[in-house]
There are 2 protein chains.
Amino acid sequence: MKSDLRQILSLIPSETFCLAAKTTLLSAGETATKVYFIKEGCVRLWYNNDGKDITCQFFMPGSMVASFESFSKENPSEFTIETILPTTVEVYDKKDIEEYRLSHPEQLDIALNFALDRANNYIHLFLSRIKDTPQQRYKDLLEQAPEIVASIPQHYIASYLGITPVSLSRIRKRISQK
Amino acid sequence: MKSDLRQILSLIPSETFCLAAKTTLLSAGETATKVYFIKEGCVRLWYNNDGKDITCQFFMPGSMVASFESFSKENPSEFTIETILPTTVEVYDKKDIEEYRLSHPEQLDIALNFALDRANNYIHLFLSRIKDTPQQRYKDLLEQAPEIVASIPQHYIASYLGITPVSLSRIRKRISQK
DNA sequence: CTGAAACGATAACATTTGTTAAGAAATCAC
DNA sequence: GTGATTTCTTAACAAATGTTATCGTTTCAG
C-alpha cells in the first residue's frame with residue numbers, strides 16, 4: 001500500500017529541494033498544505049511540551065512525512081517537522097493532491113487506507129511506550145533502525161525514547177558492558 | 001461527527017444485550033466483525049504484553065468500541081475487548097454496516113473521517129504518555145473521567161496509567177495528603 | 001451464610017530515572 | 001584556523017517506581 005501511494009504520487013506534480021540540517025518543513029500552529037517524500041537524509045516530527053522538545057518519530061529515505069492530521073482536517077498542526085541531516089525531499093502540494101483525488105474519486109479508499117495506516121502507526125508508537133522499558137526500546141531501535149542510532153545526535157533519540165540524554169548514556173554503557 | 005455516526009447507526013439493524021462484568025466481546029487473535037455501542041456500564045480495551053494485561057482505553061456509555069483496525073483491515077485483533085462492569089450494548093454486524101455503506105457510497109468519507117479521528121485519538125493517547133508523569137495523568141483522569149476512577153478497580157487504572165497498582169496507591173496517598 | 005478470591009494500603013529494599021554539574025571531544029561558524 | 005557551540009560521558013544525590021510480601025477489607029460464588 002505504501003507503494004500504491006508512491007505510484008499515485010508519481011502522477012502528481014512535485015518539486016525537489018535539497019535542504020540543510022535543522023530546516024523546518026512545518027511549524028506547530030501552521031496548517032499543513034504539503035506532503036514530503038524523503039529521498040535522502042533524515043527528518044523528525046516533534047512536539048513542543050512546555051519548551052521541552054519531544055521527538056515523536058524519525059523519517060528515513062523512502063518514507064513520506066506530513067502532519068497528516070493537520071493536512072486532512074485543516075487544523076493547526078500540533079507538531080513541528082524538521083530535518084536533522086541535510087535532506088532531499090519531493091514536495092507535493094495539497095491542491096495538486098486534491099485535484100488528483102477529485103479526478104480519481106474511485107481512489108478515496110486509498111485515503112481511507114492511508115488514514116487507517118496512520119492510526120495503526122500511532123497505536124504501535126503508543127504500545128511501544130507502554131510495553132517496554134527505555135532500555136528495551138533502545139535495543140529495538142538499534143535492531144530495527146541502526147542507521148538512525150548511528151547518524152543522529154543522541155538527545156533526539158533520548159527524547160524519542162522518553163528519557164533524558166543522561167539516562168540514554170547510562171543505558172548505552174550498561175549494554176556495552178555485556 | 002460522533003453524532004453523525006450515531007445517526008447512521010440508527011439506520012442499521014442492531015441487537016441489544018445485557019452483559020455481566022468481565023464478559024469478553026472480542027479476544028485478541030480474532031478478527032473483529034462487530035461494533036458495539038455502549039448504553040450502560042463500562043468496557044475496556046486491553047493488550048496482552050507477555051501475560052501482563054495492559055488497559056489501553058476505557059469506554060463509557062455513549063461511545064462506540066471495536067477493534068477498528070482489525071475490523072477495517074480484517075486482521076487478527078491485537079487487543080481484547082471486555083466489560084468491566086455489567087454493561088448494556090447495541091451490537092452492529094459488519095455485514096449490515098457494509099450493506100449500508102454500499103447503498104450509500106457518498107458516505108465513504110464518513111469512514112475516512114472516522115479513521116482520522118481514530119488516528120487522532122491514538123496520537124493523544126501517545127502524547128499523554130510522553131508529556132505527563134503518572135501522577136499528572138492520574139490527576140487528569142480524575143478531572144476528565146471521575147466516574148471511571150470511582151467505579152473501576154484500581155489495577156485497571158494503574159495499567160492504563162502505565163504503573164503498578166502499588167505505585168498508584170502511593171500516588172493516591174500523596175495527592176490526598178495535600 | 002461462608003470460604004475463597006479479589007482488592008487496596010503499606011512497608012522495605014533494589015533499581016531506574018531525573019537533575020545538576022563538570023569536563024573532554026567533536027563539530028560548526030566565521 | 002580558531003573560538004564558540006554542541007555533543008557525549010560521568011559523577012553525586014534526590015525522587016519515583018518496581019518488586020515482593022503482609023494484612024485487613026470487600027466482593028463473589030456456591
Side-chain angles (χ1 to χ4, degrees), chain A residues 19-23 41-42 44 46 49-55 58 82-87 128-142 146 148-178, chain B residues 19-23 41-42 44 46 49-55 58 82-87 128-142 146 148-178:
Chain A
L19 305 168
K22 298 196 185 179
T23 303
C42 183
R44 72 189 182 107
W46 62 274
N49 185 33
D50 290 329
K52 280 185 190 171
D53 163 331
I54 298 171
T55 297
F58 298 110
E82 73 179 31
T83 62
I84 299 178
L85 306 175
T87 299
S128 84
R129 291 256 170 183
I130 293 177
K131 283 161 52 181
D132 302 318
T133 61
Q135 179 161 337
Q136 188 57 50
R137 292 219 308 287
Y138 178 69
K139 283 183 182 172
D140 289 350
L141 189 65
L142 258 184
I148 290 179
V149 179
S151 61
I152 288 174
Q154 279 184 38
H155 66 273
Y156 292 137
I157 295 170
S159 86
Y160 175 78
L161 295 174
I163 55 180
T164 60
V166 176
S167 189
L168 176 55
S169 187
R170 283 190 286 230
I171 287 173
R172 284 163 60 86
K173 188 180 182 185
R174 241 179 281 154
I175 289 175
S176 70
Q177 279 172 349
K178 284 174 193 168
Chain B
L19 305 168
K22 299 198 184 180
T23 304
C42 182
R44 73 189 182 108
W46 62 275
N49 185 33
D50 290 328
K52 279 185 189 170
D53 161 331
I54 298 172
T55 297
F58 297 110
E82 73 178 35
T83 61
I84 299 179
L85 306 174
T87 299
S128 84
R129 290 258 171 180
I130 292 178
K131 285 162 51 180
D132 303 317
T133 61
Q135 180 162 337
Q136 188 57 51
R137 294 218 309 287
Y138 179 69
K139 282 183 182 170
D140 290 350
L141 189 65
L142 257 183
I148 289 178
V149 180
S151 62
I152 288 173
Q154 279 184 39
H155 65 274
Y156 293 137
I157 294 169
S159 85
Y160 175 78
L161 296 173
I163 55 180
T164 59
V166 176
S167 190
L168 176 55
S169 187
R170 284 190 285 231
I171 287 173
R172 285 164 59 87
K173 189 180 182 186
R174 243 178 280 155
I175 289 176
S176 71
Q177 279 171 349
K178 284 173 193 168

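Lettering follows sequence order; numbering is per chain, from 1.
Between A:Ile157 atom CD1 and D:dT9 atom P there is a gap of 11 Å when expressed in whole angstrom units. One can place NE2 of A:His155 at 15 Å from C1' of D:dT9, the figure rounded to the nearest angstrom. Between B:Asp132 atom CG and D:dA16 atom P the separation is 15 Å, expressed in whole Å. Here D:dT17 presents its P atom at 12 Å from CD of B:Gln136, a figure rounded to the nearest Å. With rounding to whole Å, B:Gln135 atom CD is found 11 Å from D:dA15 atom C1'. Atom P of nucleotide D:dT7 and atom CD1 of A:Ile152 are separated by 12 Å, given to the nearest angstrom. Look at CD1 on B:Ile84: it is 17 Å from P on D:dT27, rounded to the nearest Å. Going from atom CG of B:Leu85 over to atom P of D:dT27 covers 13 Å, rounded to whole Å.
Judged by distance alone, the side chain of A:Thr83 and the main-chain N or O of A:Thr23 form a donor-acceptor pair under 3.5 Å. A:Ser159 places a side-chain N or O within 3.5 Å of a backbone atom of A:Thr55 that can act as its donor or acceptor partner.
Chain B approaches DNA chain C over the interval C:dC7 to C:dA12, counting the first and last nucleotide 5' to 3' with an atom under 4.0 Å from its heavy atoms.
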For this session: Dump the intermediate steps for side-chain contact (heavy atoms from CB on, under 4.5 Å) on B:Tyr156 and B:Phe58, then the final yes or no.
Result: CA-CA 9 Å; B:Tyr156 293 137; B:Phe58 297 110; 4.0 Å; yes

Exercise. Can you check side-chain contact (heavy atoms from CB on, under 4.5 Å) on A:Leu85 and A:Ser151, steps first, answer last?
Worked result: CA-CA 8 Å; A:Leu85 306 175; A:Ser151 61; 4.0 Å; yes

Exercise. Between B:Arg172 and B:Ile157, is a side-chain contact (heavy atoms from CB on, under 4.5 Å) present by the stated rule, with each step listed?
Worked result: CA-CA 12 Å; B:Arg172 285 164 59 87; B:Ile157 294 169; over 6 Å; no

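Across all strands shown, B:Pro134 has heavy atoms under 4.0 Å from sugar-phosphate atoms exclusively, and none from any base. Note on B:Ser167: only backbone sugar-phosphate atoms sit closer than 4.0 angstrom, heavy atoms only; bases stay farther off.
Between B:Arg170 and the phosphate of D:dA16, there is no side-chain N or O to OP1/OP2 separation shorter than 4.0 Å. Close to D:dG18, at under 4.0 Å from its OP1 or OP2, lies a side-chain N or O of B:Thr164.
No side-chain N or O of A:Arg137 forms a donor-acceptor pair with one of A:Tyr160 less than 3.5 Å apart.
A:Glu82 and A:Lys22 are not joined by a salt bridge, as no carboxylate oxygen comes within less than 4.0 angstrom of a charged side-chain nitrogen.
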